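Keep in mind that this is a model prediction, so the values were computed, not measured. When a residue number appears, it is its place in the shown sequence, counting from 1.
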Amino acid sequence: MGLFESDNIRVIGLTGQSGAGKSTVSGIFASEGFPTIDADEISHKVSSNRSFLDEVSELFPDCVTDSGLDRQKLAGIVFCDGEKLKTYTDVIFPYILREIFRQIENCRKKGERLVLLDAPTLFESGLDDICSSVVSVIAPMELKIQRVLERDGIPVEMVKSRLGSQKSDDMFISKSQFTIVNNSDIDSLREKALSVIEELRRLYTDECN
């Protein structure tokens, strides 16, 4: 049960593995009229907040410069140390959460009944708790490797290491109400996404009115 159900708005969580096609699915939802809240976009916006930068500079002083957050240096520190990653996420998450809640409230005031929350770390952050349903996008490993190589242009060893650290298919399937397996072409993916959208509207639109 989502946190906002008493406010006549349903938050639909969208998450998935890197290279699985989550961003493409998010675009399909948007094209079908879903207002979309992008957690990654919010994270980048938050990282220019002065009070946030002050907190980070106390914990990771080498990662904050006069021009702002040095993302590359920060990533080199936190993604190699689980405790430091948790320290960082404990700082940034309250800022992200406040902005997500603000955007959800704006959607509610506009009369929206369904809103998509696009968040790659939906489960890790606990944001699935505010969602009425969660949609996960997964894909076979060889396709994910190919897509990330084409998208990011980084060495294949780095791609395999990144993907190898992700949660398993079984985890996404077990924690989601809907799972989209992106194992074919864009037309197939669109058809699967539209089927999920139709079911979500059937489930929630009438009860929100």
Side-chain angles (χ1 to χ4, degrees), residues 2 10-45 71 75 78-80 82 85 89 92-93 96 100 103 114-201 203-204:
R10 302 289 180 268
V11 179
I12 308 302
L14 176 66
T15 191
Q17 303 159 331
S18 182
K22 177 184 65 64
S23 295
T24 302
V25 172
S26 179
I28 295 169
F29 270 76
S31 71
E32 290 297 308
F34 275 71
T36 301
I37 298 171
D38 187 329
D40 267 353
E41 187 178 286
I42 289 173
S43 176
H44 279 74
K45 177 181 178 181
R71 299 177 187 280
V78 301
F79 290 121
C80 297
L85 178 60
T89 55
I92 194 171
F93 184 64
I96 293 173
I100 287 173
Q103 292 192 23
L114 291 171
V115 58
L116 188 73
L117 173 57
D118 180 345
T121 57
L122 188 82
F123 298 124
E124 295 87 339
S125 63
L127 282 168
D128 56 310
D129 287 343
I130 72 172
C131 299
S132 296
S133 283
V134 172
V135 181
S136 285
V137 186
I138 63 175
M141 180 60 78
E142 62 271 17
L143 287 179
K144 289 186 293 186
I145 292 173
Q146 178 185 337
R147 291 165 183 158
V148 175
L149 281 171
E150 292 173 353
R151 183 189 69 196
D152 296 348
I154 59 178
V156 65
E157 294 80 8
M158 189 178 295
V159 174
K160 290 180 177 179
S161 175
R162 180 192 297 180
L163 296 180
S165 67
Q166 292 188 136
K167 304 296 184 183
S168 68
D169 289 0
D170 289 342
M171 189 283 292
F172 282 101
I173 292 168
S174 67
K175 294 176 71 69
S176 305
Q177 285 68 47
F178 301 92
T179 304
I180 296 174
V181 182
N182 183 13
N183 57 359
S184 185
D185 56 22
I186 183 63
D187 290 336
S188 173
L189 180 61
R190 180 172 179 79
E191 183 178 339
K192 292 173 181 178
L194 291 175
S195 177
V196 170
I197 289 169
E198 181 181 355
E199 180 64 13
L200 288 167
R201 284 179 169 149
L203 283 171
Y204 297 123

Please evaluate residues Lys167 and Phe123 with respect to the criterion side chain to side chain contact (heavy atoms under 4.5 Å, CB included), reporting the C-alpha separation (whole Å), side-chain torsions for both, the decisive distance (0.1 Å), and the verdict. CA-CA 10 Å; Lys167 304 296 184 183; Phe123 298 124; over 6 Å; no

Can you check side chain to side chain contact (heavy atoms under 4.5 Å, CB included) on Leu194 and Glu198, steps first, answer last? CA-CA 6 Å; Leu194 291 175; Glu198 181 181 355; over 6 Å; no

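The side-chain contact (heavy atoms from CB on, under 4.5 Å) search around Gln146 returns Leu143, Glu150, not counting sequence neighbours. Qualifying side-chain contact (heavy atoms from CB on, under 4.5 Å) partners for Ser43, counting only residues two or more places apart in sequence or in other chains: Ile92, Ile96. Listed by chain and number, the residues in a salt bridge (charged side-chain N to carboxylate O under 4.0 Å, His left out) with Glu191 amount to none (sequence neighbours excluded). With sequence neighbours excluded, the residues forming a salt bridge (charged side-chain N to carboxylate O under 4.0 Å, His left out) with Lys45 are Glu99, listed by chain and number. The side chain to side chain donor-acceptor pair (under 3.5 Å) test applied to Ser18 returns Arg151, not counting sequence neighbours. In terms of the side-chain contact (heavy atoms from CB on, under 4.5 Å) criterion, Ser174 has no residue partners (sequence neighbours excluded). With sequence neighbours excluded, no residue satisfies side chain to side chain donor-acceptor pair (under 3.5 Å) with Ser125. For Asp170, the side-chain contact (heavy atoms from CB on, under 4.5 Å) partners two or more places apart in sequence, or in a different chain, are Ser168.
For residues 15-31, the pairs satisfying salt bridge (Lys or Arg N to Asp or Glu O under 4.0 Å) are Lys22-Asp118, with sequence neighbours left out. Sorted by first and then second residue, the salt bridge (Lys or Arg N to Asp or Glu O under 4.0 Å) pairs with a member in residues 175-189 form an empty list; sequence neighbours excluded. Judged as a ring pair (Phe, Tyr, Trp, His ring centres under 6.0 Å), not a single pair has a partner in residues 124-145 (not counting sequence neighbours).
A distance of 12.5 Å separates CZ in Phe178 from CG in Leu14, rounded to the nearest 0.5 Å. Between Ile180 atom CD1 and Arg190 atom CZ the span is 12.0 Å, to the nearest 0.5 Å. The line from CZ of Arg201 to CZ of Arg10 is 15.5 Å long, rounded to the nearest 0.5 Å. In this structure, CG on Asn183 lies 6.5 Å from OG on Ser188, to the nearest 0.5 angstrom. Taking CG from Leu116 and CG from Leu200, the interatomic distance works out to 9.0 Å, rounded to the nearest 0.5 Å. Rounding to the nearest 0.5 Å places CD1 of Ile138 at 8.0 Å from NZ of Lys144.
Only one option out of Leu114, Leu203, Ile197, Val134 pairs with Ile12 in a side-chain contact (heavy atoms from CB on, under 4.5 Å); it is Leu114.
Closest heavy-atom contact between Ser136 and Phe172: OG-CD2, 3.4 Å. For the residue pair Cys131 and Leu117, the shortest heavy atom distance occurs at SG-CD2, 4.4 Å. A pairwise comparison of heavy atoms in Ser176 and Thr179 identifies CB-OG1, 4.1 Å as the closest pair.
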Without placing hydrogens or testing angles, list every side-chain donor-acceptor pair under 3.5 Å for residues 33-40, not counting sequence neighbours.
residue: Thr36; atom: OG1; partner: Phe34; partner atom: O; Å: 3.3
residue: Asp38; atom: OD1; partner: Asp40; partner atom: N; Å: 3.0
residue: Asp38; atom: OD1; partner: Glu41; partner atom: N; Å: 3.1

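With Asn182 contributing its side chain and Ala139 its backbone, the two residues share no donor-acceptor pair below 3.5 Å. Looking at Thr15, its side chain does come within 3.5 Å of a backbone N or O of Pro120 through a donor-acceptor pair.
Under a cut-off of 6.0 angstrom, the local environment of CD in Glu199 is crowded, with over 12 non-hydrogen atoms contributed by other residues, nucleotides or ligands.
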